[in-house]
Number of protein chains: 2
Amino acid sequence: MVEPDGKLKKRTLYSDEIREVIKQAIISEELKPGERVVETRWAKKLGVSQSPVREAIRDLEMMGFIENRPYQGAFVRKMDKKDVIDAYYVREALEMAAMRYAVEVITDDQLEDILNVMEEMKQAVKDGNFELFVEKDSLFHEKIMQVSNNELLIKLWNQCKIREYTSISAWISDLTLETLAERHNSLYLALKTKNKEMAIEAVTEHFEVLIEEMNNIS
Amino acid sequence: MVEPDGKLKKRTLYSDEIREVIKQAIISEELKPGERVVETRWAKKLGVSQSPVREAIRDLEMMGFIENRPYQGAFVRKMDKKDVIDAYYVREALEMAAMRYAVEVITDDQLEDILNVMEEMKQAVKDGNFELFVEKDSLFHEKIMQVSNNELLIKLWNQCKIREYTSISAWISDLTLETLAERHNSLYLALKTKNKEMAIEAVTEHFEVLIEEMNNIS
DNA sequence: GTATTAACGATTATAGATAATTTTGACAAG
DNA sequence: CTTGTCAAAATTATCTATAATCGTTAATAC
């Protein structure tokens with residue numbers, strides 16, 4: 001499988017890789033909301049058979065990117081304002097659960113790790129690097145979730161986090177990134193001081209603001 | 001497709017049906033935790049091809065029944081005490097979110113519906129019908145979730161609810177079913193009086209007790 | 001003209017066969 | 001007795017082909 005020039009040449013693509021390709025197509029809006037995702041088309045396009053494409057589509061359905069109707073096909077999920085707000089409510093519940101537990105068990109190493117991510121996030125804002133900000137923001141919350149050490153919690157959280165991708169770019173411009181970044185301070189502070197009430201307050205406020213801003217778009 | 005005797009004779013099984021068959025095998029412990037679920041075996045056993053069995057297994061993985069490792073196979077998930085407690089914490093978070101919203105929007109019809117289910121649940125206890133109790137208990141909570149009108153919330157809740165199946169039978173005998181049934185009263189009352197604080201209190205207590213009892217087992 | 005049905009094309013879902021990967025077990029070397 | 005190598009067996013992942021289903025359009029009956 002290793003060619004003379006040292007490059008890897010794979011015989012075929014795995015369903016995981018196909019999933020990522022289609023996912024990127026959705027995120028980049030190459031595939032638009034409501035549009036159909038035809039198994040055979042993508043199979044031909046990627047030079048693979050129908051089976052792994054089918055699996056990829058099923059995975060994307062579970063992740064919330066796609067809606068699947070029996071014998072009718074798969075469609076890129078349309079996400080309206082309510083969907084996004086609903087997702088925020090769920091995320092609030094899950095991150096609240098994580099934080100309540102995290103303040104009791106977080107280690108110094110984990111605290112430092114999270115602080116670093118927050119600094120990188122602020123730097124990304126200063127540099128005006130939107131992509132990097134989104135990545136670091138996501139990582140910041142992910143680190144907190146991981147402290148909870150609750151596999152199921154993390155799994156579900158990942159499923160509702162996804163829904164941001166397609167919407168965030170639409171409204172982020174109306175906010176100053178700085179404000180968003182600064183808001184993570186209180187989350188970090190609650191963890192650092194191991195203050196449960198502050199943690200609850202911080203999460204509540206974090207999402208109140210996000211939901212509020214989402215409501216003001218229309 | 002309809003035979004002379006009037007029975008339906010299907011050409012083949014759909015993956016959904018296969019999923020249910022395997023799920024039942026897991027719940028009934030015909031397939032034990034840790035045991036392997038071999039695609040080709042089940043295909044032969046059910047007289048279908050590998051494809052729909054594979055899909056069924058993937059679905060069961062998403063539902064938390066099965067653990068899948070690439071090129072190694074699928075195994076019935078082992079569920080230890082921590083897994084069950086973790087699931088309770090997540091359920092608490094999700095049901096809390098649902099209740100907070102439900103008290104504000106619940107209609108009289110929905111209230112009556114929930115009351116009826118609660119009565120049926122208590123009746124099942126009186127009759128000593130364990131299976132029916134579990135079904136009604138599940139339905140009770142499901143109805144509350146539905147009031148929230150948050151699709152994502154319901155979807156995730158369904159995923160963590162599943163984890164009870166395999167564990168509940170192991171410890172339920174140590175509790176009086178009556179106590180369990182009675183505990184739903186405060187949940188209903190909070191909804192009826194549309195009292196947010198009472199709702200929060202009720203959910204918190206409900207799961208505190210469940211988690212406590214889970215901890216007191218082995 | 002409208003409603004109902006039949007046939008077609010496109011696509012999904014499954015079947016049957018092949019390729020890729022891991023696991024197992026026998027055997028040899030240390 | 002342990003470790004490592006190799007081939008065979010078992011199983012997963014994918015490929016190709018076929019069957020089932022849906023949506024549409026055209027034809028027919030009323």
Side-chain angles (χ1 to χ4, degrees), chain A residues 1-3 7-23 25-26 30-63 65-78, chain B residues 1-3 7-23 25-26 30-63 65-78:
Chain A
M1 302 214 183
V2 178
E3 297 288 287
K7 280 187 188 172
L8 282 169
K9 182 162 189 176
K10 286 232 299 288
R11 186 191 56 84
T12 180
L13 260 52
Y14 289 109
S15 67
D16 286 11
E17 307 173 279
I18 295 170
R19 186 190 65 213
E20 289 307 309
V21 172
I22 299 179
K23 189 172 112 183
I26 294 175
E30 181 191 328
L31 276 173
K32 293 184 181 49
E35 198 169 342
R36 199 157 172 194
V37 184
V38 180
E39 297 174 0
T40 46
R41 295 252 176 81
W42 280 92
K44 186 175 281 183
K45 182 169 178 174
L46 300 176
V48 297
S49 79
Q50 194 186 346
S51 318
V53 174
R54 187 177 168 79
E55 281 200 1
I57 288 176
R58 288 214 141 211
D59 287 349
L60 289 169
E61 185 191 8
M62 291 297 167
M63 297 170 88
F65 281 107
I66 276 179
E67 199 182 332
N68 210 344
R69 275 169 277 178
Y71 276 112
Q72 281 186 306
F75 303 82
V76 178
R77 204 173 217 284
K78 279 183 187 167
Chain B
M1 304 218 182
V2 178
E3 297 288 286
K7 281 186 187 172
L8 281 171
K9 184 163 188 176
K10 284 231 301 290
R11 183 192 56 84
T12 180
L13 259 54
Y14 290 108
S15 69
D16 285 12
E17 306 173 276
I18 296 170
R19 185 191 64 212
E20 289 308 308
V21 173
I22 299 179
K23 188 172 113 183
I26 294 175
E30 181 193 327
L31 275 172
K32 293 180 181 53
E35 199 169 344
R36 196 157 175 193
V37 184
V38 179
E39 296 175 0
T40 47
R41 294 245 181 84
W42 279 92
K44 187 176 281 182
K45 182 171 180 174
L46 299 176
V48 297
S49 79
Q50 194 187 346
S51 319
V53 175
R54 187 176 169 80
E55 280 201 1
I57 288 176
R58 288 213 140 214
D59 286 350
L60 289 170
E61 185 192 7
M62 290 297 168
M63 296 169 87
F65 281 106
I66 276 180
E67 199 182 331
N68 210 343
R69 277 168 275 178
Y71 276 111
Q72 282 184 303
F75 302 83
V76 179
R77 204 174 219 284
K78 279 182 186 164

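All values below were derived from every heavy atom in this structure, side-chain atoms included, with hydrogens, water molecules and symmetry-related copies excluded.
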When rounded to the nearest 0.5 Å, the distance separating CG of B:Asp16 from CG of B:Asp59 is 7.0 Å

Answer yes or no: side-chain N or O of [X] and base N or O of [N] forming a donor-acceptor pair under 3.5 Å.
| X | N | result |
| --- | --- | --- |
| B:Ser51 | C:dA13 | no |
| B:Gln50 | D:dA13 | yes |
| B:Glu39 | D:dA13 | no |

Of B:Arg41 and A:Ser15, the one whose closest DNA chain D nucleotide lies more 5':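 Residue closer to the 5' terminus by nearest nucleotide: B:Arg41.
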
Rounded to whole angstroms, how far apart are [atom1] on [X] and [atom2] on [N]?
| X | N | atom1 | atom2 | result |
| --- | --- | --- | --- | --- |
| A:Tyr14 | C:dA19 | OH | P | 15 Å |
| B:Glu61 | D:dA13 | CD | P | 10 Å |
| A:Phe75 | C:dA10 | CZ | C1' | 13 Å |
| B:Arg69 | C:dT22 | CZ | C1' | 12 Å |
| A:Trp42 | C:dT11 | CH2 | P | 15 Å |
| B:Arg58 | C:dA13 | CZ | C1' | 16 Å |
| A:Lys44 | D:dC15 | NZ | P | 15 Å |

What's the closest nucleotide to the side chain of A:Ser49 if the choices are D:dA13, D:dT16, C:dT14?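 Looking only at heavy atoms from C-beta outward on A:Ser49, the closest nucleotide is D:dT16.
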
Reckon A:Val37 touches a base, only the sugar-phosphate, or nothing at all at heavy-atom distances under 4.0 Å?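 Sugar-phosphate contact only.
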
Which part of the nucleic acid, if any, lies within contact of B:Arg36, taking any heavy atom under 4.0 Å across all strands shown: a base, the sugar-phosphate backbone alone, or nothing? sugar-phosphate

Quick check: do A:Ile22 and A:Trp42 have side-chain heavy atoms less than 4.5 Å from each other?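 Side-chain contact under 4.5 Å: yes.
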
Is there a side-chain contact between A:Arg36 and A:Arg41, using heavy atoms and a 4.5 Å cut-off?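 Contact flag for A:Arg36/A:Arg41 side chains = no.
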
Phosphate contact (C:dT12 OP1 or OP2) by A:Arg54 side-chain N/O below 4.0 Å: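 No, A:Arg54 has no side-chain N/O under 4.0 Å of OP1/OP2 on C:dT12.
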
Between B:Gln72 and C:dT23, is there a contact of a side-chain N or O with OP1 or OP2 at under 4.0 Å? yes

Between B:Glu55 and B:Arg58, does any side-chain N to carboxylate O distance fall below 4.0 Å?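 Salt bridge between B:Glu55 and B:Arg58, a charged N being under 4.0 Å from a carboxylate O: no.
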
